[in-house]
Number of protein chains: 2
Amino acid sequence: MPKSTFFNLSPEKRCAIEQAAIEEFARNPYEQASLSKIVSACGIAKGSMYQYFDDKLDLYLYIVDLAYGKKRQFVNKAFALETDFFSTLEEYYRQSYLFAQEYPLLHQVTNNFWDSRADVLHSELAKGRSTRARDFQRFLTEAVHGGVVNPNLNPEAVFFVYHAVGKDLIDQFGCEENGKFFKEILDVLRYGLMIREELD
Amino acid sequence: MPKSTFFNLSPEKRCAIEQAAIEEFARNPYEQASLSKIVSACGIAKGSMYQYFDDKLDLYLYIVDLAYGKKRQFVNKAFALETDFFSTLEEYYRQSYLFAQEYPLLHQVTNNFWDSRADVLHSELAKGRSTRARDFQRFLTEAVHGGVVNPNLNPEAVFFVYHAVGKDLIDQFGCEENGKFFKEILDVLRYGLMIREELD
DNA sequence: CCCCAATATGACCACCCAGTCACATGATGC
DNA sequence: GCATCATGTGACTGGGTGGTCATATTGGGG
């Protein structure tokens, strides 16, 4: 957590620091990101940074929180409107996609965080992963009880698949208009590869 | 490509160098891996390394090739035996899993390579991805013609999904003790989330 | 045995890093 | 104007990096 001095800063200065940090952590994973570059980018002294944050990790986790906070504002909309399972799912990805479009740097920060291998981040990663898994699985279980989702699938495996696809999907098409491909991908997950006799 | 002096080395010395490099590149992505640690680990002088390889990248790509060469020995078995589409797919991931079990370090090397963000590796990565895409789509088209795969799905989208999931799945192989999980994941892709009337 | 090319060496270079600390500057209350 | 405390500073430390190069060692052919 940042020190109180950080929050006493003028909003402009605070934003300048955040922005410089976001840019660096979007370009590089935690280990390769350079504090020296951040401070020189926002024009403050190296020592000042240590008045605001305990260390590099403290700053990093603060920025990661910022990114996820903003992302949550988007994806929560998907769960707000009450519709069927597959529509909610599609809306979830659409919102992730909008987030990536509107805040590409924050999106890169979350991506770098998610596939980070740094030892110091392991516990944080595990925490985030299990939270997401829990939320998704609750949502999935409802749909299974409602009879729209195949009950024979392992919910953990379903989460794994959706998460993997979501990550790459937003990564790959973050800057293009590709609504059609988007839906085709969700169709793959929805219908499965195996031919469906009942649809023919 | 290594210089000729490298191949003139005694097999023991060559293996010692390879082993030390493999360990370092398994632990760290390219950018963070340390040449100094590699040379001290295998007990040769720093300068000697530059008698064998042009630079760090040259050594790295050689090691990555080693890893993928070994991996190919495994996954090619999946395409050797003539069976149905879904069995081949399962066998492919089973072989990947076995590779990860038997050569965890090489497995980590391929993982680190695959989600590397280093600029110098971008072209190498793109090459690998397009090769995979071509192979997969040929394989998929056969299965569509054979009537086992839903012809309404966009083959490009199918590859996208399998690529994304396969990547993350293989990533997990190192730490998951459970060899069953990958089958459950393949089932998600095979059957799709939507309930299948014909199976109930 | 000696010569010479191939190979091995490690001190060294320039550069980068996170983090520190003695000191400078600012502001606040008196 | 003064004293006090919070904030800002950047040179510095100790440690790391990839890569170089003058020099030393080796080993085979004449």
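Throughout, a chain's letter reflects where its sequence line sits, starting with A, and its residues are numbered from 1. None of the values given here were measured: they were computed from a predicted structure. We use all heavy atoms of the structure for the numbers below, so side chains are in, but hydrogens, waters and symmetry mates are not.
For A:Leu35 and C:dC17, the CG to C1' distance is 9 Å, given to the nearest whole Å.
Here the side chain of A:Gln51 is nearest to one of D:dT9, D:dT20, C:dA8, namely D:dT9. Among C:dT9, C:dG19, C:dG10, the nucleotide with an atom closest to any side-chain atom of B:Ser48 is C:dT9.
A tilted orientation is assigned to the rings of A:His163 and A:Phe159, their planes being inclined by 30° to 60°. The aromatic rings of A:Tyr162 and A:Phe136 sit tilted relative to each other, their planes meeting at an angle between 30° and 60°. By the 30° and 60° cut-offs, the orientation of the rings of A:Tyr30 relative to A:Phe25 is parallel. Between B:Phe53 and B:Tyr62, the two ring planes are tilted [angle within 30° to 60°].
Residue A:Ser36 has a polar side-chain atom (N or O) positioned under 4.0 Å from OP1 or OP2 of C:dA18. The shortest distance between the side-chain N/O atoms of B:Asn8 and the OP1/OP2 oxygens of C:dA6 is not below 4.0 Å. Note on A:Lys13: a side-chain N or O is less than 4.0 Å away from OP1 or OP2 of D:dG8. In terms of phosphate contacts, B:Ser34 brings a side-chain nitrogen or oxygen within less than 4.0 Å of OP1 or OP2 of D:dT17.
Residue contacts shown for A:Leu9 are limited to sugar-phosphate atoms, with no base heavy atom under 4.0 Å away.
Between A:His107 and A:Ala100, the closest heavy-atom pair is CG-CB, 3.6 Å.
In the region residues 52-62 of chain A, proximity to DNA chain C at under 4.0 angstrom, judged on heavy atoms, holds for A:Asp55, A:Lys56.
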